[in-house]
There are 2 protein chains.
Amino acid sequence: MKIQNITIKDIAKALDLSYSTVSRALKGSYKISEPVRNKVIAYANEHNYRPNLLAQSLKNKNSRCIGVVLCNIPNSFFAEVISGIESVAYTKNYLVIITQSHESYEREIQALENLTWRSIDGLLISLSTETSDCSHIAALHAKGLPVVFFDRVSEDFKTHLVKADNEGGAYDLTNHLLHQGYRRIAQITSPAHLSITQERIAGYKKALSEAGQPIDESLIKYCEHGGMLFEEIETAVSELFDSGNPPDAIFAASDRLTLGTLSILKKMGKSIPGDIGMAGFSNFSEPELFEPALTTIKQPAFEMGKTAAELLIQLIESKRPVTEFEKKVFPTELKARASTNRKISVAY
Amino acid sequence: MKIQNITIKDIAKALDLSYSTVSRALKGSYKISEPVRNKVIAYANEHNYRPNLLAQSLKNKNSRCIGVVLCNIPNSFFAEVISGIESVAYTKNYLVIITQSHESYEREIQALENLTWRSIDGLLISLSTETSDCSHIAALHAKGLPVVFFDRVSEDFKTHLVKADNEGGAYDLTNHLLHQGYRRIAQITSPAHLSITQERIAGYKKALSEAGQPIDESLIKYCEHGGMLFEEIETAVSELFDSGNPPDAIFAASDRLTLGTLSILKKMGKSIPGDIGMAGFSNFSEPELFEPALTTIKQPAFEMGKTAAELLIQLIESKRPVTEFEKKVFPTELKARASTNRKISVAY
DNA sequence: TTGAAAGCGTTACCAT
DNA sequence: ATGGTAACGCTTTCAA
């Protein structure tokens, strides 16, 4: 037995009206007389009428669904983003379909196919680490699908972008490290083709240059899978230490890389912040509980999700084609904690 | 411009066949001749035909959607559960709609209304802390909606249940604390009406009794909002310490409570595990990075999500009404770490 | 083996 | 202001 709601036809029959009249009365069309409208609405409420969304979608050619593609849900940053998306979708009566790319280009394409098949009205996407070419997304966009990029964005085609101020965040963090007296600052980061990587490196280099510090490319370690493979982080860290000239601080450029690096440093028995300073981008909920309490750059993930969803729905519901696109850049927040505080353990 | 896929009618027209023949050919019905079927399939593949799911759903009265209700997405435990659900749904071609109750009974009801309106084929639900009465869910179930409870379950009506071995986990953890020499062990926990609370208290009491320890009800602190309000955790902790007879260890019964309690203890300047032992249920990804490394009971969240989704889909697709229900209980995993290791700082 | 047609619940156009 | 009807894309019963 399936859950069967009352339909327009039932109301029409009960009230001896035509389908169209009932439909119009419920939609609040003005070409319906007061008494009839009231009668219909009263009956509908009383019998708990709910329009069948499937039928509406089929008829209207919209699904009131928005698709989301991101690398993986349990990642603190993305989980918060989802929560933000959901909060907007909920109030605007959209449904959210979340799919995970697991940092794979292949799976990102699959996810997109799946979503379009499901007839979504719009797409929110953060690229996988493997994705350097966006033609699969551009094709959908060209066919008229509203798209908003968030976090890992692309400028392959014009659309709204929602991102953190990665350059600013990296700049702030690098500056903080410099102020603490660190000089050989390494960055462990995602693949070079990603927007977030480029920006985080730009901010890092800017801070170094302004401080008159040399830029040593060998201190920048790219993890091709964004840290999905623990070994790639281990390799990065050991390369840094095995070089003749090891770093005195490490800046990790994402949540996964930050936790991975911290864990490896501790396993190596490094004293933080004494032997080496450690900080990173992270939306982990309680970094102050770590040993040592971790200096982080935090992105306003919930807000970013909210804004991305708002922009997308705006795009979906816009009557006229949108040609002016926004680039929303959210400030990041530096929280200095013990992991970069040399004064704790080093006299200098 | 909307994304327009090719339809059965288009194929029929192109191949000069009737709609029904095309439909049957695509479904692999055997009452279609080989050549016709091949021709249709070839054409469909070539033109990238995708059945319109909306139309199928409308016709078949199923949506291939499963609804999920849980308290909140960024919680590590639930985020992993979702990931598990998604992995099953993906392969079985179901869509997952996630809604959050934010621990509110009110919002849980709203979420359910929303989901049923969206015509879901089945429901996965973990009750909110405020929910003590399940008639809203029982009503849907009685109307024929397949339901699987996970995590915070109810036995108000018979259906599949997926849960962790909360009693066993609490028992193991309490035993571990006893072995470490702790004697006045407090539990900070969720509201008493929740299944998980009752089980976690049962395991705790069982371990104490077996060890011949007295059970002091004043050592059990219930947080009515499950720790959603930080103040309720603060109140619980200070009540424990302000009593004439403070505990020597605290066992927190959920992720949120564990992090909250640890954070409060550190703020109070308590030395862990010296002044007080601290451990809890937690699916936090890196509890060994904490200061002190945290002893935890971890639930197999991903597996639980997977199993719940499998059971639900089985229920949905079952031809005959299901009368035998399963109760899947997943073992928990105790990881003893520094936060309960007295030998580190206390000679005894 | 194939075709015609009705129907799922809605909306919208064209009548009245 | 209201009614009749076709259409959205698909499945399925009934006929041929």
Side-chain angles (χ1 to χ4, degrees), chain A residues 1-41 43-44 47-65 93 116-121 144, chain B residues 1-41 43-44 47-65 93 116-121 144:
Chain A
M1 188 192 11
K2 285 277 148 189
I3 294 174
Q4 211 48 288
N5 269 314
I6 187 181
T7 74
I8 280 190
K9 293 193 180 180
D10 298 324
I11 302 182
K13 236 168 274 170
L15 265 39
D16 200 31
L17 291 166
S18 72
Y19 308 162
S20 20
T21 305
V22 174
S23 171
R24 280 182 288 230
L26 291 169
K27 287 227 115 51
S29 162
Y30 37 80
K31 289 192 168 182
I32 297 288
S33 68
E34 273 296 313
V36 172
R37 172 153 71 244
N38 291 338
K39 200 168 59 169
V40 170
I41 291 180
Y43 188 93
H47 292 77
N48 198 25
Y49 168 78
R50 293 259 172 259
N52 182 314
L53 295 181
L54 257 27
Q56 277 185 336
S57 295
L58 181 59
K59 182 69 192 169
N60 300 340
K61 300 193 166 309
N62 67 16
S63 58
R64 293 201 82 82
C65 279
N93 224 319
T116 51
W117 177 30
R118 296 274 176 189
S119 44
I120 51 172
D121 290 347
Chain B
M1 190 192 12
K2 285 278 147 188
I3 293 174
Q4 211 48 289
N5 268 315
I6 187 181
T7 74
I8 280 190
K9 292 193 181 179
D10 297 325
I11 303 183
K13 235 168 275 169
L15 263 40
D16 201 28
L17 291 167
S18 72
Y19 309 161
S20 19
T21 306
V22 174
S23 171
R24 282 184 283 233
L26 290 170
K27 287 228 114 51
S29 162
Y30 39 82
K31 291 194 166 181
I32 297 288
S33 67
E34 272 297 312
V36 171
R37 172 154 72 245
N38 291 338
K39 200 168 60 170
V40 170
I41 291 179
Y43 189 93
H47 292 77
N48 197 25
Y49 168 77
R50 294 260 172 259
N52 181 316
L53 295 181
L54 256 26
Q56 275 185 335
S57 295
L58 182 59
K59 180 69 193 172
N60 300 340
K61 299 192 167 311
N62 68 15
S63 59
R64 292 200 83 79
C65 280
N93 223 320
T116 50
W117 177 30
R118 297 273 175 188
S119 46
I120 51 172
D121 290 347

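Just so it is clear: chains get the letters A, B, ... in the order the sequence lines come, proteins before strands, and each one is counted from 1. Any value given below was found using the heavy atoms of this structure, including those in side chains, with hydrogens, waters and symmetry copies removed.
Straight-line distance from the CG atom of B/Asn38 to the C1' atom of C/dT1: 15 Å, rounded to whole Å. Put simply, CG on B/Leu26 is 9 Å from P on D/dC10, counting in whole angstrom units. Between A/Asn52 atom CG and D/dC10 atom C1' the separation is 14 Å, expressed in whole Å. Remark: P of D/dG9 and CG of B/Asp10 are 8 Å apart, rounded to the nearest angstrom. If you measure from atom CD1 of B/Ile11 to atom P of C/dG3, you get 14 Å, rounded to the nearest angstrom. Rounding to whole angstrom units, CG of residue A/Leu53 and P of C/dC8 are separated by 18 Å.
Take the nearest nucleotide of DNA chain C for B/Leu58 and for B/Val36: the residue whose nucleotide is more 5' is B/Val36. Both B/Glu34 and B/Ala55 sit near DNA chain C, but only B/Glu34 has its closest nucleotide nearer the 5' end.
A/Pro51 has its side chain out of reach of A/Leu26: every pair of non-hydrogen atoms, C-beta onward, lies at least 4.5 Å apart. With a 4.5 Å cut-off on side-chain heavy atoms, A/Val40 and A/Leu15 count as touching.
Remark: B/Asn93 engages A/Trp117, A/Arg118, B/Arg64 in a side chain to side chain contact (heavy atoms under 4.5 Å, CB included) (not counting sequence neighbours). Taking B/Lys13 as the reference, nothing meets the side chain to side chain contact (heavy atoms under 4.5 Å, CB included) condition, with sequence neighbours excluded. Applying the side chain to side chain contact (heavy atoms under 4.5 Å, CB included) rule to A/Ser23 yields the partners A/Ile8; only residues at least two apart in sequence or on another chain are considered. Remark: A/Tyr43 pairs with A/His47 by the ring-ring contact (aromatic ring centres under 6.0 Å, His included) rule, at least two apart or across chains. By the side chain to side chain contact (heavy atoms under 4.5 Å, CB included) test, B/Lys9 is found to be paired with B/Thr7, B/Tyr19, residues two or more places apart in sequence or in another chain being considered.
Distance from the side chain of B/Lys9 is smallest to D/dC8 among C/dC8, D/dC8, D/dG3. Here the side chain of B/Thr7 is nearest to one of C/dT1, C/dG9, D/dG9, namely D/dG9.
In this structure, A/Arg37 reaches neither bases nor backbone, as no heavy-atom distance under 4.0 Å exists between it and the strands shown. Among the heavy atoms of the strands, none lies under 4.0 Å from A/Leu54.
For D/dT2, neither phosphate oxygen OP1 nor OP2 lies less than 4.0 angstrom from any side-chain nitrogen or oxygen of A/Ser18.
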Exercise for the section: Using a 4.0 Å cut-off on protein heavy atoms (strictly under), produce a 5'-to-3' string for nucleotides 11-16 of chain C with B for base contact, S for backbone-only sugar-phosphate contact, and - for none. Expected result: BBB---
